[in-house]
There are 2 protein chains.
Amino acid sequence: MNENTDGIRRKRASSRALDDMDRKLLGVLAEDATISYADLGERVGLSPPAAHERVKRLRRSGAIRKVAALIDPEASGKPMLAFVHVDTTGWGKTPVLLAIEEHPEVEEIHSVAGDTCMLLKVRTESTHALEGLLARLYDTPGVKATRSYVVLSTYLERPVQPGVTAEWPALVKNAQAGVAAFNNRPG
Amino acid sequence: MNENTDGIRRKRASSRALDDMDRKLLGVLAEDATISYADLGERVGLSPPAAHERVKRLRRSGAIRKVAALIDPEASGKPMLAFVHVDTTGWGKTPVLLAIEEHPEVEEIHSVAGDTCMLLKVRTESTHALEGLLARLYDTPGVKATRSYVVLSTYLERPVQPGVTAEWPALVKNAQAGVAAFNNRPG
DNA sequence: ATGATTGCAGAATGATGTTCGGCATCAAGA
DNA sequence: TCTTGATGCCGAACATCATTCTGCAATCAT
């Protein structure tokens, strides 16, 4: 066997699975990326160069997409948040819908399965601005209807977290099923 | 008048409105916060210390919430994204619902206006993990029903942008409003 | 058993963050 | 109009940190 024993594409050096140390590093950097490598290394139990090496690898591999300043919505003048469900006539309306990403108010555009076609996350200055955005949507050919869910309070909003829940209590019927599911995981 | 003329709480030094330079800085830093102050200053037309001073102010004022490493969802082992609408019996179920934020799969929890009470953004390892999370939700007292919108494709997903749309074409009823909006534009 | 590879620590170096002093600009009040 | 205070910027100095290099230890494969 010219391959490792624990999977098909392990050890390919540029896209390896994250180990515990990587997740610890990501956990710290996801919270504060301005930390020095000395402090970072101390937090995870690594020397500064070792921490730097692993972070560099995480960046190259794409595990760290980018390091960015997260802007306060209210400070940027957009206190209103809403999720907009868009129903279109037929499929393939995505290209024309993507035009609205020109507006900095639009933060997410997803195609979803369910009783709606597209889902938008938008952040606007006011109700008027939301109305303007909806008007812009209805001007788009193929847009049949929209339903807006205006956020009243945000209790949690954070970026992608490095951790995963190891075990979902209600789903583990027996130990064997749990182990089988674990071994079949895609990562 | 011991106050500035252009508003109630201008010039309070710790929470001032963002000017054009601030938005330019935020625009750059929202994309890449690893840039050096020398390059940052060059991008916006400022000396390194001046850029540093303004960025420091933006951090102190809270306009920059934090500088964080943005993690690739697939690299962290959570390729599945879903929005979950939660219907509860009556109000005030938020405190018990907040317990699920323990799971790193849960990225957002909002209370919304519309035909549902709460809205969750969750990112899971698999459909099984999503099922486990839903089971966890149904175990929560007061949860009546959930509707999940599984994301098929994500066309856009970005953090809060510094800019705002100055003018919404469909909303401009007369020239005067348009000119006023134009003059107030940030860019 | 042995050679190759990987990952980490310590030290040196270069780049960068950060602070300081001085100057120009602007607004308010005499 | 002149003065006074505050603000924001620049250039230079200084301190800190990122980054690289070398060597060593552990691991895996032959």
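Below, chains carry the letters A, B, ... as their sequence lines are ordered, and counting in each starts from 1.
- Between A/His52 and the phosphate of D/dA18, there is no side-chain N or O to OP1/OP2 separation shorter than 4.0 Å.
- Side-chain contact between A/Val55 and A/Tyr37: present, with at least one pair of heavy atoms (C-beta onward) separated by less than 4.5 Å.
- One atom, CG of A/Leu46, and another, P of C/dC8, lie 5 Å apart when rounded to the nearest Å.
- Checked against D/dG8, C/dC8, D/dA12, the side chain of A/Ser47 finds its nearest nucleotide in C/dC8.
- Rounded to whole Å, atom P of C/dT16 lies 12 Å from atom CD of B/Glu42.
- Under a 3.5 Å cut-off, the side chain of B/Arg158 and the backbone N or O of A/Glu107 do not form any donor-acceptor pair.
- B/Glu108 and A/Lys121 are joined by a salt bridge, as a carboxylate oxygen and a charged side-chain nitrogen come within less than 4.0 angstrom of each other.
- In this entry the distance linking CD of B/Glu53 with C1' of C/dG21 reads 14 Å, nearest Å.
- Atom C1' of nucleotide D/dG8 and atom NZ of B/Lys24 are separated by 15 Å, given to the nearest angstrom.
- Which of C/dA9, C/dG7, D/dC10 sits closest to the side chain of B/Ala50 comes down to D/dC10.
- Distance, A/Arg60 CZ to D/dT19 P: 12 Å, rounded to whole Å.
- In terms of position on DNA chain D, the residue among A/Asp39 and A/Lys56 whose nearest nucleotide sits closer to the 5' end is A/Asp39.
- Following rounding to the nearest Å, A/Asp19 (CG) and D/dT27 (P) show an atom-to-atom distance of 15 Å.
- Atom pair A/Tyr37:OH and C/dA9:P shows a separation of 15 Å (rounding to whole Å applied).
- With hydrogens and angles disregarded, no donor-acceptor distance shorter than 3.5 Å links the side chain of B/Glu157 to the backbone of A/Ile109.
- Nucleic acid contact for A/Ser36: sugar-phosphate only, since backbone atoms but no base atoms lie under 4.0 Å from a heavy atom of the residue.
- When the P atom of C/dT18 is taken as reference, atom CZ of B/Arg57 falls 17 Å away, rounded to whole Å.
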